[in-house]
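Everything below concerns the one structure shown next.
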Amino acid sequence: MNCSANEVMMLAAKAARGAGAPPAQAARFGVAAAAHLMAGRDDGVLGRALAALPKGAIIELPLAINCIEERAEQGRACGALHGFERSLVQSYVSTLPYTAALNDDDILRIDLTKPAQRTPVQRIDLCDEIYLGWAALAARILVPESAASRQSGAGAGLSDND
Amino acid sequence: MKNFIAPLPQMPLRPPEEVMRLSRLGSMFPTRLSFLRCLIRRLSDEQAQVSQHVWQMCDNGFGHAVFSIDLGGFTYSLVAVSTDLPAELRTDRAIATAWDSAYVLFDGIPDADDITRIVKNAPLQEAGRFGPRDLVLSRANKSVRLFDHVTQALRAGRQPDAELIRDIGYLMRTTAVYGNGKFGIADRASYDTRPGLGGPFAAEMLTVWLIRHFTHALAEHVGRGTLDRETKRHLGVGNSTGLGMAPFLVTHPVLLNNWMMARETALARVCAVTHLTEAQIARLGVLAARASAHLAQWTVSDNAHQARIELLGEDWANAVAVLTPQALAREMPVCAAMQSVRKMSKDVQELMAALLIEPFGDLVDGLADSMADPFGAYAPCLPDTEALRAQIKQSFGWALDVDYAQKDNCGQFWYVSEAKMEPRLGQRFEEDGALMETPLDIARRVQAAYADLPDTAERVSGFLARHPDHALAVERVTLAATYPYAEIRDNLISQKCLPVDMLRCKLSFFGASKFDPKSDRWTRINLCQGAPLADELNWDADDWWLPVFAA
């Protein structure tokens, strides 16, 4: 299915929440997942990250990046991002709002004083397997509407032929 | 030597603890910074022209049409599909599967294949799939009462009844205006650097304005006559808005901050005006009187809200009584006017704020450029947990004293519905589903994080390693240090939380008027009422704040 980046980002975030990630980490995974697929990286990494929840990269990678941010002096810092699948690290790094570069040894250098350059957004071809898998995880946080809710939604309680 | 532009003088901003309360957000009025106003100014500056490319409609008004407009060097087209909808299928509810009309804002001028695709897909709405040249997807139902009356009147060779035009104010009302990638349409990021589409919801507002143009054309086609210009101008686009819109303000804290900051800065700037010209004094008088007339024409069916409007009308009469030419000729007159209503209702205060901003386009219109969020939510991390504690006390002190174990303080929960994947609000102690709660309970989360802070200072990352569930709270507190208006300062899961207040805040930024709440969870509104028509963009196009029907 040919999707917008925002569709993929939202779906991935909901899938992460459904798989047990807290909301902030799930949202960050959604952004990284869209960037990952836009960059044509191995989509299996995303599945493995989701499967590892409530532990693993989705929880620990943002924290590792935060640790490097905390050490910044005059806006600059560097630190290692070892122990994660490299392509996933690349995707998380590519979505940071400030200038950041990952070298071949997985050392991240950041400059908080310089905003990142915007990456042009691209369409994403999401294969059925990923789409269905993520949709199934996302469905875990959906709630059947109650009768009370249906009776109080927009348009409720009126004739709309007015 | 560098040349620096001196910042414009301004009074202190109203503090977030005053501005960001739900009850005040629920009293907001559109201003000249509202997105529709910004769009119309832009269209007017460019003297944009709407052209009709396709009009394939049967005599009864069913078929499709394409209207195009140039903006910022790009061409955009509204593809409108009008369908013969049986009365029993007509509903504004989210459960609807068919509508009187469906729309796509297309990037460029659609060819025959594009039109065929859109005519097939647009009526399906959420069940359809769309592509990267489809920028916005929308649908609207007729106000059957007014549409039938208008077309019958035109066929009889007369103009429609002025009272009905005034009381209803639109021929159709939209029930959704989807943007930013929904159902496969284009990502906002793919066009938000284009001139004219960089502002928040600019593409959506362009769509709504073009839908309004279409509804006029459709009524005139079916009625085989021409509406008076004044009548047509007063016919906006209605909208039914429910809970689906409310969480946006919580999930986009930087955007909310930027909207509120622009509005509050505008107010602070006009309050710093030391003396008014005679023309400005006269203008304020005209606008104050227009506001009074607008209030008199704003009638709703809900008794409680009608009483609120009537009370506002009475209070407004007292408020503007002090805006005499003599008073406005004194020093710091705008600030004095704002001060004069400080003890009056929030409705009066917010109406006065909107009024006082209105005549000062030269001071405030540039602020519209700061209302988007091109960089995303980011704020430098706090150095340690003691700094986090201090920031919580400063920005979320209001959230710390609430006992969230009390039923009244946590009686509602937000969730995403299984049927429509739309935000909903449930009763925590009466309905299932709270385990899947959507995290709009920011206040409760911040309090929980605060309670878990260690006695001894440590890095925030160390704290989060032990408490990953507090990451959202920490993120919001960190943002609050940089974005003071990012947070609604009320408990959004309280039994007393009225989502309609959130709707009014957001809709006022769109430029909506004539709020017509049908419950505490959904409202009807009017968009584009009084706005220039397609052939009036070279006219004094920006003067339509709180429109009044003169007929």
Side-chain angles (χ1 to χ4, degrees), chain A residues 1-10 14 17-18 21-25 27-28 31 54 59-60 62-64 66-67 69-72 75 95-98 112 115-116 118-123 138-146 148-150 152-162, chain B residues 87 90-96 129 131-132 141 143-145 175 180-190 240-244 374-376 378 380-381 383 415-419 421 424-427 430-433 436 438-439 459-461 464-465 468-469 471-472 475 518-519 521-522:
Chain A
M1 184 163 58
N2 184 258
C3 298
S4 68
N6 197 44
E7 271 182 304
V8 172
M9 186 179 78
M10 299 302 290
K14 287 174 184 169
R17 274 206 68 216
Q25 293 89 331
R28 206 155 168 184
V31 176
I59 306 298
E60 293 161 13
L63 209 52
N66 285 359
C67 280
E69 280 181 32
E70 284 176 332
R71 291 201 295 268
T95 63
L96 292 172
Y98 45 76
L112 300 176
R118 278 182 67 170
T119 311
V121 70
Q122 295 169 34
R123 306 289 290 187
R140 293 182 187 173
I141 57 165
L142 301 178
V143 176
E145 277 180 303
S146 66
S149 173
R150 277 195 295 275
S152 58
L158 286 181
S159 160
D160 289 317
N161 289 297
D162 62 348
Chain B
R90 185 174 293 108
T91 173
D92 290 358
R93 309 219 36 201
I95 54 172
R129 278 304 288 176
N141 282 333
S143 164
V144 177
R145 197 164 40 126
T175 61
N180 197 13
K182 281 261 194 176
F183 317 114
I185 64 177
D187 285 292
R188 176 179 153 76
S190 67
S240 283
T241 298
L243 290 176
F375 302 112
Y378 173 72
C381 54
Y415 64 89
V416 178
S417 76
E418 192 176 73
M421 295 201 205
R424 295 284 179 267
L425 194 55
Q427 293 298 314
E430 294 162 23
E431 299 173 37
D432 295 329
M436 278 82 83
T438 304
R459 288 269 167 90
V460 175
S461 55
L464 285 178
D469 284 340
L472 178 59
E475 188 178 288
K518 299 298 181 186
S519 79
R521 297 182 182 205
W522 74 277

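The shown structure was predicted, so the numbers you read here are calculated from the model rather than taken from an experiment.
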(message) Just verifying a value: how many Å separate A/Cys67 SG and A/Glu60 CD, rounded to the nearest 0.5 Å?
(response) 11.0 Å

(request) Not counting sequence neighbours, which residues clear side-chain contact (heavy atoms from CB on, under 4.5 Å) with A/Gln122? List them please. (result) A/Met38

(message) Under 4.5 Å from any heavy atom of chain B, what part of A/Gln25 do you find: side chain, backbone, both or neither?
(response) side chain

(message) With chain A as the partner, which of B/Glu475, B/Arg129, B/Met421 has the greatest number of non-hydrogen pairs under 4.5 Å?
(response) B/Arg129

(message) If you count heavy-atom pairs within less than 4.5 Å of chain A, which of B/Ser417, B/Pro380, B/Ala471 leads?
(response) B/Ser417

(message) My understanding is that only residues two or more places apart in sequence, or in another chain, count here; which of them pass side-chain contact (heavy atoms from CB on, under 4.5 Å) with A/Val8?
(response) A/Cys3, A/Ala34, A/Leu37, A/Ile124, A/Leu126, A/Trp134

(request) Please check if the side chain of B/Asp187 supplies one atom and the backbone of A/Ser4 the other of a donor-acceptor pair under 3.5 Å. (result) no

(message) Using modelled atom types and a 3.5 Å cut-off, is there a donor and acceptor pairing between side-chain atoms of A/Asn6 and backbone atoms of B/Lys182?
(response) no

(request) Taking A/Glu7 for its side chain and B/Gly184 for its backbone only, find out whether a donor-acceptor pair lies under 3.5 Å. (result) yes

(request) Select, from B/Ile185, B/Thr175, B/Asn180, the one with the greatest count of heavy-atom pairs under 4.5 Å involving chain A. (result) B/Asn180

(request) Could you look at B/Ala96 and say if it's the side chain, the backbone, both or neither that has a heavy atom under 4.5 Å from chain A? (result) neither

(message) Can you tell me how far apart CD (B/Glu431) and CG (B/Leu425) are? Round to the nearest 0.5 Å.
(response) 8.5 Å

(message) Less than 4.5 Å to any heavy atom of chain B: does that hold for the side chain of A/Arg140, its backbone, both, or neither?
(response) backbone

(request) Name the region of A/Met1, side chain, backbone, both or neither, that has any atom closer than 4.5 Å to a heavy atom of chain B. (result) side chain

(request) Return the option, out of B/Ala186, B/Pro468, B/Gly433, B/Ser190, with the maximum number of heavy-atom pairs under 4.5 Å with chain A. (result) B/Pro468

(message) Please identify, among A/Val31, A/Leu63, A/Asn2, A/Ile59, the residue contributing the most non-hydrogen atom pairs under 4.5 Å to chain B.
(response) A/Leu63

(message) Is B/Arg188 close to chain A through its backbone or its side chain, or both, or neither, when contacts mean heavy atoms under 4.5 Å?
(response) neither

